[in-house]
Every structure is written in C-alpha cells, then in structure tokens.
Amino acid sequence: MALKGNLRDFSITQLLNLINVAQKTGTLVIEGPSEEIWVCFRDGKLAFARDGQEDGSLASVLFREKKISAAQFRAIKERAGAMSDKELGLLLINANYISQQDILASLQNYFVGIVNRLFTWVEGLFRFENNMMPPDDKITVRISLENLIIDGSRRVREWEQLQDEIPSLDMALKFTDRPGTNLRNVNLSVEEWRVVSYINPKNSIRQIAKTTNKSELEIRRIVYGLLQAGLVELIRPAGMPVPVPQGRPALPQASKDEQKSLINRIIGRIRSI
Amino acid sequence: MQTVKMVVTGPFNSGKTEFIRSVSEIDVVSTERKISSDSERVKDQTTVAMDFGRITVDDNLVLYLFGTPGQRRFDFMWEILSEGMLGFIVMVDSTRPETFREARNILETFRAYAPTPYVVVANKQDCKDAWDLEDMRIALRLDGRVKFLPCVATDKESVKNALLELLYSILEEMEKGEG
Ligand SMILES: Nc1nc2c(ncn2[C@@H]2O[C@H](COP(=O)(O)OP(=O)(O)O)[C@@H](O)[C@H]2O)c(=O)[nH]1
Ligand SMILES: [Mg+2]
C-alpha cells in the first residue's frame with residue numbers, strides 16, 4: 001500500500017526515520033517544483049541517490065569531487081561513454097589511478113549531498129517504491145541514516161514543530177533496544193554528548209536541560225534529533241506518580257469484581273451489536 | 001441507572017463522527033458551537049462539533065461515546081470529557097500523513113497525564129492511499145505494546161473490534177491492579 005505524501009506535511013527527517021527504523025529497501029522518489037530526486041535504500045541504509053537534473057555518472061561524480069581533471073572527464077566521456085560505472089571504476093582501479101576507497105568516498109559524498117539538499121525543500125510530492133533499486137551496473141554504497149537524520153535535525157528551527165514533537169518536558173528518555181543501533185557510530189557534538197550522558201529513565205527532559213544548561217528550544221532540538229534517529233524513546237519518568245484525574249473515578253465505589261463484571265457486560269453487549 | 005463513557009478523539013476529519021455513528025443506537029448528536037477566541041477573530045469563525053452516541057448495555061447500564069476535537073485549543077473539552085472515562089480511542093486518518101504529527105501530539109499529551117487505557121486506530125484502511133500499519137506505527141512513534149488497529153469507520157464490525165480491544169485492555173489493566 002501507499003507510502004506517499006508531501007514533504008510539506010511529512011518531512012524528510014520523518015521519512016528517513018521511517019526508512020531507517022523499518023529497514024526498508026526501495027527507492028524514495030521526490031518530485032520538487034523543478035526537479036526530481038531518487039534516493040535508494042537497502043535494508044534502511046542509503047545506497048544510491050540521483051538528481052534528475054544532474055549527470056550522476058561515476059565520471060561526473062569523480063570530476064565534481066576533484067578526483068579527475070576536466071580534460072580527463074572529457075576524454076572519458078568521449079572514449080568511454082558507453083562504459084558502465086562499474087566497468088569504469090574497475091578500469092580506474094586496475095590502472096592504479098584511483099583507489100576503490102576514493103571512489104566509494106566520492107560517491108558517498110555525492111549521495112549525501114543530494115539527500116542534504118532535500119532538507120531544504122519545503123515542498124515536494126514523495127512516494128516510496130518498494131524494492132525498486134538502481135540498475136545493476138551502478139555502484140552502490142551503505143551509509144547509516146542516523147547521522148544524516150541528526151544532521152538534518154540540527155537545522156530544525158521551528159519552535160512549533162519541536163513543541164509538537166515533544167509536547168512535555170516532564171517525560172524521560174531511554175535508549176531504544178532496537179537491534180543494530182549503536183550510539184558509537186553516530187557523530188554527536190560535545191553538547192549533544194553531554195545530554196546523552198544524562199539519559200536515564202529517572203531523569204526528566206526538564207532536569208537534563210537544567211543540568212546541562214540548555215534552553216527549552218535547545219533541549220527539544222537535541223532530543224528531537226535523537227528521537228528521529230531512532231536512538232531514544234520517550235517514557236514516563238521512573239518514580240513519577242501516575243496522576244489521578246481530577247473528579248470522580250471511572251467506576252466509583254465498586255469492588256474489583258463489580259468493575260470487571262461491568263466491563264464484561266459491555267463487552268457482551270458490543271459483541272451482539 | 002449507571003452510565004459510563006469512552007472518548008473518541010483524533011485530528012479533524014479522521015472519522016470520529018463516522019465511528020460513533022456506526023454503533024450508536026441514537027442518531028449521533030452533534031452540538032455545533034461557534035468558537036472564536038481573540039487570536040482567531042481575524043480568521044473565519046470555526047465551527048466545532050462535539051458528537052455523542054449511546055449504547056444501552058442492559059436495564060441498568062448505558063455506555064456513551066463522546067467524540068471530541070483533538071486540537072490543542074480544545075484542551076478544556078478534554079478535561080471535562082476525560083473525567084470518569086473508561087478509556088479512549090485515538091483515530092488517525094491513514095491517508096493523510098500530514099495529520100500524523102497532530103495525532104501523535106494528542107496521544108503524547110494525554111499519555112503524559114491520563115492514566116486510562118487507550119487504543120490507536122488507523123482509520124480509512126479501505127482507501128487506496130492508506131498507509132500500511134507498520135509504517136504508521138513508526139511515524140506515530142507507537143511502541144510495540146500500544147494496541148494499533150486497522151479500521152474502516154463505516155464498517156460496524158471494524159468499529160466493534162476497536163471498542164472490544166479497548167475493553168479488553170481495560171480488563172487487563174484491572175487485573176494487573178489486582179496482582
Ligand atoms: N472511505 C472511508 N471514509 C471514511 C471513513 N471514516 C470516515 N470517512 C469519511 O471521512 C470524512 C470525515 O469523517 P468524520 O467522521 O466526519 O470525521 P471527524 O471530523 O473526525 O468527525 C467523512 O466524509 C466520512 O464519511 C472510512 O473508514 N473510510
Ligand atoms: Mg466530526
């Protein structure tokens with residue numbers, strides 16, 4: 001079924017979070033006002049990206065990343081135009097011209113750049129094509145999304161969005177036990193690490209903010225990044241009393257058995273509707 | 001005669017009225033009222049509908065279903081309605097990802113202070129643009145323990161199922177309290 005919408009309403013950060021947590025494989029197609037971007041993922045990791053307006057061939061990427069000169073780029077285009085990216089890559093590696101690592105690093109930079117561009121889009125129709133991957137002759141990479149997400153979250157400035165995401169600072173945080181997440185692989189700033197070091201079901205977000213000297217906006221932004229990267233989740237702080245709603249309780253004065261019998265009566269009635 | 005109530009909440013247009021209508025034995029009563037606050041005076045007046053439906057359980061017991069707007073500016077309604085409720089249902093329109101954040105906000109606001117059981121319902125699953133439940137669960141940040149049910153509010157069986165799941169949760173909660 002459909003995974004589609006508009007970036008205006010469902011942000012690229014939220015999308016990357018979804019793809020990361022669900023470990024999706026397929027292509028995210030985003031139609032902006034003047035261009036179309038394809039981003040491919042394998043098992044929730046960035047594999048490939050392409051901007052419809054740009055020549056995304058390996059030669060062109062290596063030229064952009066200054067691994068080959070303009071003259072070399074032209075020569076490749078003229079004489080090896082029909083060669084696939086994989087063939088060209090192998091040729092360059094075998095000729096000892098460039099290392100495999102350099103090629104992969106160049107592609108990674110290029111793909112990440114395309115994804116980062118999406119963070120600046122305020123609008124764009126998106127859809128996710130399950131299992132659609134780039135052609136076999138393209139070189140793919142494997143980049144965890146956590147860093148991309150945290151990086152993107154640092155740019156969220158809108159107070160309102162952050163407030164919506166984290167309505168109450170009285171909640172606490174705990175690390176998710178989702179397999180495959182590892183905080184050590186994530187590039188956090190010193191300030192973000194300070195916040196992380198206080199994450200504990202006993203500490204409310206408000207207490208962490210106070211201890212680390214952060215404003216509400218700052219703490220919300222950091223927590224938002226960690227949440228979207230799937231590293232932490234919100235929980236009720238340990239030891240916080242469950243508030244009793246004011247006014248009368250749902251089932252006054254009744255004993256447990258009477259209460260249960262009342263619920264069972266309702267269940268019986270609804271089944272019979 | 002004893003009365004109990006459950007609350008159906010969620011973003012605008014998520015299907016609350018439809019949901020209640022499907023099982024209510026009375027026509028759903030919508031109390032339309034004009035709401036205008038200072039900050040809104042510039043805009044058009046907003047009409048807010050508060051629905052309620054009724055299910056007579058037996059000679060001594062009536063269940064009321066209240067539908068309430070989820071927007072934050074109607075928090076005051078929540079306080080009034082949540083008094084004495086058995087549990088609540090959060091409805092989400094599966095075809096409108098732009099409302100997921102609001103739905104989650106409604107949920108998290110109340111999770112933080114309402115200790116009653118709840119279920120979350122992915123409504124309009126009959127529409128071709130409906131998102132998958134697994135994707136919605138992540139987008140709504142519902143942890144695996146939260147009951148999250150597919151629903152078509154116009155289909156009585158589907159609505160019954162959601163109500164029953166909520167009631168089972170209420171029973172479980174009572175049994176936990178005993179232990
Ligand atoms: N296809 C479909 N339409 C629905 C469903 N539930 C509600 N609708 C429609 O969605 C619109 C909004 O529903 P309504 O109950 O008024 O939403 P409310 O604002 O939450 O009370 C109405 O046109 C309903 O007929 C559903 O499960 N499937
Ligand atoms: Mg309504």
Side-chain angles (χ1 to χ4, degrees), chain A residues 1-6 8-11 14-15 17-22 24 126 128 130 161 163-171 176 227-228 230 233-236 240-252 254 256-257 259-260 262-273, chain B residues 2 4-6 22-23 25 55-58 60-61 63 72 79-80 82-87 94-102 104-105 108-109 111-116 125 127-135 137-139 141 143 156 159-160 163-164 167-168 170-171 174-175 177-178:
Chain A
M1 264 190 287
L3 175 52
K4 57 182 189 180
N6 193 318
R8 193 182 48 220
D9 316 308
F10 199 81
S11 68
Q14 289 172 296
L15 273 172
N17 166 252
L18 180 57
I19 291 164
N20 179 40
V21 175
K24 284 183 176 293
F126 67 78
F128 191 84
N130 274 321
Q161 182 185 346
Q163 211 169 8
D164 268 0
E165 296 286 343
I166 306 151
S168 166
L169 293 184
D170 295 321
M171 299 296 274
T176 44
L227 274 173
Q228 290 292 41
E233 55 191 275
L234 289 168
I235 56 162
R236 181 191 291 280
M240 176 193 188
V242 175
V244 178
Q246 305 219 312
R248 78 196 153 84
L251 301 167
K256 269 272 142 58
D257 283 343
Q259 292 182 7
K260 282 203 284 193
L262 179 139
I263 300 297
N264 278 318
R265 275 151 68 200
I266 303 176
I267 288 174
R269 173 70 182 100
I270 286 179
R271 282 192 184 137
S272 74
I273 291 176
Chain B
Q2 190 175 2
V4 289
K5 68 184 175 192
M6 302 205 285
S22 285
V23 287
E25 63 204 19
I55 297 170
T56 304
V57 177
D58 52 36
N60 307 311
L61 182 60
L63 169 68
R72 195 179 284 155
E79 272 195 61
I80 296 166
S82 63
E83 189 188 314
M85 69 177 173
L86 289 176
S94 311
T95 67
R96 293 177 62 221
E98 64 268 36
T99 64
F100 293 174
R101 189 190 298 158
E102 189 192 336
R104 192 172 61 204
N105 182 265
E108 287 190 357
T109 305
R111 199 172 62 126
Y113 81 96
T116 43
Q125 280 289 318
C127 296
K128 99 175 190 315
D129 276 352
W131 280 39
D132 279 346
L133 258 71
E134 304 89 90
D135 291 341
R137 188 183 272 280
I138 295 168
R141 227 184 269 141
D143 93 40
K156 192 193 287 179
V159 172
K160 280 166 60 180
L163 289 171
L164 287 170
L167 287 158
Y168 300 149
I170 294 167
L171 266 189
M174 288 175 171
E175 267 150 23
E178 276 174 6

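Just so it is clear: chains get the letters A, B, ... in the order the sequence lines come, proteins before strands, and each one is counted from 1.
- Within the model, atoms CD1 of I235(A) and CE of M171(A) stand 8.0 Å from one another, a figure rounded to the nearest 0.5 Å.
- Taking R137(B), K156(B), R101(B) one by one and counting their heavy-atom pairs under 4.5 Å with chain A, the maximum is reached by R101(B).
- Looking at every heavy atom in both residues, C127(B) comes nearest to T95(B) through CB-CG2, 3.5 Å.
- Closest non-hydrogen pair, L61(B) versus I266(A), comes out as CD2-CG1, 3.9 Å.
- Using a 4.5 Å cut-off between heavy atoms, R96(B) does not touch chain A at all.
- Closest approach of K4(A) and D129(B) over heavy atoms only: CE-OD1, 3.1 Å.
- Taking the six-membered ring where the residue is Trp, F126(A) and F10(A) present tilted rings, their angle falling between 30° and 60°.
- Proximity to chain A (any heavy atom under 4.5 Å) is restricted, for I55(B), to the side chain, taken from C-beta onward.
- Nearest approach of Q163(A) to N105(B), heavy atoms of both residues: O-ND2, 4.1 Å.
- Under the 3.5 Å distance criterion, the side-chain polar atoms of Q125(B) are left unmatched by any main-chain donor or acceptor of D132(B).
- Considering only heavy-atom pairs separated by less than 4.5 Å from chain A, the leading option among A139(B), P97(B), S94(B), G87(B) is P97(B).
- By number of non-hydrogen pairs under 4.5 angstrom with chain B, the leading residue of N264(A), L234(A), I270(A), L15(A) is I270(A).
- T56(B) touches chain A through its backbone: at least one of N, CA, C or O sits under 4.5 Å from a heavy atom, while the side chain does not.
- Among the candidates I19(A), L18(A), V21(A), L227(A), the residue making the largest number of heavy-atom pairs closer than 4.5 Å to chain B is L18(A).
- Contact of R271(A) with chain B is made through backbone and side chain together, with heavy-atom distances under 4.5 Å.
- Proximity to chain A involves both the backbone and the side chain of K160(B), based on heavy atoms less than 4.5 angstrom apart.
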